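Below: one structure, written as structure tokens.
Counting starts at 1 for both ligands and their atoms, following the listed order. Both backbone and side-chain heavy atoms feed into the values below; hydrogens, waters and symmetry mates do not. Because the structure is predicted, anything quoted here is derived from the model rather than measured.
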Amino acid sequence: MRIAMIGTGYVGLVSGVCFSDFGHDVTCVDKAEEKITMLQAGKVPIYEPGLDVLMAKNVAAGRLSFTNDLVSAVDGADAVFIAVGTPTRRGDGHADLTYVMAAAEEIAHAMTGYTVVITKSTVPVGTNRKVREVIKAANPKAEFDVASNPEFLREGAAIDDFMRPDRVVVGVESDRAADVMAEIYRPLYLRDFPILTTDLESAEMIKYAANAFLAAKITFINEIAGLCERTGADVKEVSRGIGLDGRIGNKFLHAGPGYGGSCFPKDTAALARIGQDHAFPMQITETVMRVNDAVKKRMIEKIREACGDSFNGKTVAVLGVTFKPNTDDMRDAPSLTIVPALIGGGAKVRVVDPQGKSEGEELLPGVEWVDDPYAAAMGADAIVLLTEWNEFRALNLSQMADAMKSPRMVDLRNIYSRDKALKSGFETYVGVGR
Ligand SMILES: NC(=O)c1ccc[n+]([C@@H]2O[C@H](COP(=O)([O-])OP(=O)(O)OC[C@H]3O[C@@H](n4cnc5c(N)ncnc54)[C@H](O)[C@@H]3O)[C@@H](O)[C@H]2O)c1
């Protein structure tokens, strides 16, 4: 199969690299010239574990290349994937489809022969039909089908998720397109990974329903955590107790500072908007969004309380600012709400993050970036554990406490126990839901 991948972000680049590893001939396209220049030089513009090695292997095998020239990549391709961003449109919560539709129009002008145009970006129900209209209008003679193939990979574990997915969802309307999709995913099909073939609308809905459900699950345990704090229960025990129930499952049941990231906030907002547009309000999703905002604000109050009810003049060391570990992605990270509140209240903030600085420097003005947690703790009034990078899971707490002016820990990921923290010399330990 000859594949063109439009958009080389977290999804497009991983998908393109993995498809080339399946044995397909893949050209990755991006508008951003600096990204393509880096990729052509063998450098990966994002942080995703394992991606550099897999990319180098497939470039060396002659199956993977990068270009700014969409026309040459699409010309003669059997399949063209659209993997551009669908951020929240300013003002109304809708998914912004500008990039998807612009890509569709460019593809329409460039395709030659029968082509399947596949939307991998997360898009509202009905978008694939609109993509088809756009292509038809731009190139009435084009011979093509559209297909929906939402992506479920998680940043930080993206290659494994792509290569060993829980399922692949493919929305198609013709057998011919279904055959092309089956050929593309044959290596997974042969290894018995479930491939679910549906109509276009169901495939589009599956992606939003999955993300909204996961966001609801996280938010549910975060709300239970709040009640645990008032009642003396420990949310870690509660999570374990309910997670062992096979009907519930133990994933996405860790209480924390609220969900963030490149998908859940924008996808819940888009689903809520789709519901409103169809006069069928998504009441659960709308509530989840509201509760999640409240959770983040509650975290600020927790830190303020730990700092003696005021941030003014305090030095706070924040460990981890990316929205989760093993990524450099800062989109909608809880840190973007929490850190400015500390600074706004008069705190001096030091930040340690293994990969967050390149993105975070611009997004978190006024913080001091420090390489090492012990250096960040020096003379500090509090440390806040915000993202659970492995680097922060086995800190020498006595060394941290000794270095601090007043040893107080706000552990928003419940990594440590109060006992251990207090025994190590911390005078205050605050977790979530305990
Ligand atoms: N990031 C994730 O974990 C994840 C997971 C599943 C699904 N998704 C969905 O996948 C889509 C892409 O997400 P992402 O995080 O990879 O986005 P991203 O912002 O990291 O990457 C998008 C890329 O597309 C490029 N682009 C935009 N218009 C283009 C055009 N006309 N031609 C060529 N390139 C163009 C941009 O320059 C950018 O590099 C979104 O819809 C997102 O919701 C993301």
Side-chain angles (χ1 to χ4, degrees), residues 4-18 27-39 44-49 51 66-74 80-89 94-110 117-124 127-128 131 134 138 148-162 165-169 203-204 206-208 210-212 214-215 259-271 322-324 326-333 358-359:
M5 182 65 64
I6 315 302
T8 62
Y10 290 85
V11 164
L13 185 56
V14 171
S15 307
V17 168
C18 291
T27 309
C28 293
V29 183
D30 208 289
K31 279 230 171 312
E33 283 186 16
E34 67 285 359
K35 272 194 191 177
I36 294 299
T37 309
M38 277 183 87
L39 288 163
V44 181
I46 53 169
Y47 177 73
E48 181 60 48
L51 191 56
F66 306 97
T67 181
N68 288 123
D69 180 17
L70 181 141
V71 174
S72 67
V74 170
V80 181
F81 282 83
I82 300 177
V84 301
T86 48
T88 301
R89 194 162 73 191
H94 261 298
D96 183 349
L97 295 176
T98 316
Y99 305 104
V100 171
M101 294 308 168
E105 190 157 347
E106 284 183 70
I107 294 164
H109 292 298
V117 180
I118 305 130
T119 302
K120 203 168 235 328
S121 302
T122 303
V123 292
T127 303
N128 273 272
V131 166
V134 165
S148 167
N149 177 216
E151 183 49 58
F152 299 95
L153 62 76
R154 294 162 302 166
E155 288 174 23
I159 293 172
D160 201 47
D161 283 350
F162 199 94
D166 289 339
R167 80 309 208 179
V168 174
V169 173
E204 292 167 333
I206 286 168
K207 177 64 192 175
Y208 279 112
N211 272 1
L214 293 172
Y259 65 77
S262 54
C263 291
F264 289 174
K266 81 173 175 64
D267 293 347
T268 45
L271 183 63
T322 52
F323 87 90
K324 65 171 174 182
N326 289 327
T327 183
D328 55 353
D329 201 340
M330 291 286 297
R331 286 177 282 185
D332 270 317
S358 56
E359 282 270 314

**Item:** Per atom 4 (C) of ligand 1, closest listed option by heavy atom (Val11, Val84, Leu13)
**Value:** Val11

**Message:** Quick test: of every protein heavy atom, which one is nearest to atom 24 (O) of ligand 1, and how far off is it to 0.1 Å?
**Reply:** Gly7 CA, 3.4 Å

**Message:** Does any N or O of ligand 1 fall below 3.5 Å from an N or O anywhere on Asp30, backbone included?
**Reply:** yes

**Asked** Which one of Lys120, Arg331, Glu105 has a non-hydrogen atom at the shortest distance from atom 18 (P) of ligand 1?
**Response** Arg331

**Asked** Should Ala83 be listed as contacting ligand 1, given a heavy-atom distance under 4.0 Å as the test?
**Response** yes

**Request:** Identify, for atom 6 (C) of ligand 1, the protein heavy atom at the shortest distance, and state residue, atom and that distance.
**Result:** Glu151 O, 3.2 Å

**Asked** Tell me, which protein residue and heavy-atom name are nearest atom 9 (C) of ligand 1, and how many Å apart are they?
**Response** Thr122 OG1, 3.5 Å

**Message:** Quick check: Lys31 and ligand 1, any N/O pair under 3.5 Å apart?
**Reply:** yes

**Prompt:** Excluding sequence neighbours, so at least two apart, what forms ring-ring contact (aromatic ring centres under 6.0 Å, His included) with Phe162?
**Reply:** Phe19

**Prompt:** What is the nearest protein non-hydrogen atom to atom 42 (C) of ligand 1, stated with its residue, atom name and distance?
**Reply:** Lys266 NZ, 3.8 Å

**Prompt:** Going by atom types alone, do Glu155 and Ser262 pair a side-chain donor with an acceptor below 3.5 Å?
**Reply:** yes

**Prompt:** What atoms of ligand 1 come closer than 4.0 angstrom to any heavy atom of Glu155?
**Reply:** 1 (N), 2 (C), 3 (O)

**Message:** Determine whether a donor-acceptor pair (N or O, by modelled atom type, separation under 3.5 Å) exists between the side chain of Ser121 and the backbone of Val84.
**Reply:** yes

**Message:** Regarding ligand 1, does Thr8 bring an N or O atom to under 3.5 Å of one of the ligand's N or O atoms?
**Reply:** no

**Prompt:** Which atoms of ligand 1 are found less than 4.0 Å from any heavy atom of Thr86?
**Reply:** 40 (C), 41 (O), 43 (O)

**Fill in**
Looking only at protein heavy atoms, what sits closest to atom 22 (C) of ligand 1 is Gly85 N, 3.6 Å

**Request:** Can you sort out the partners of Lys207 under side-chain contact (heavy atoms from CB on, under 4.5 Å), two or more places apart, ordered by chain and number?
**Result:** Thr122, Pro150, Phe152, Asn211, Asp267

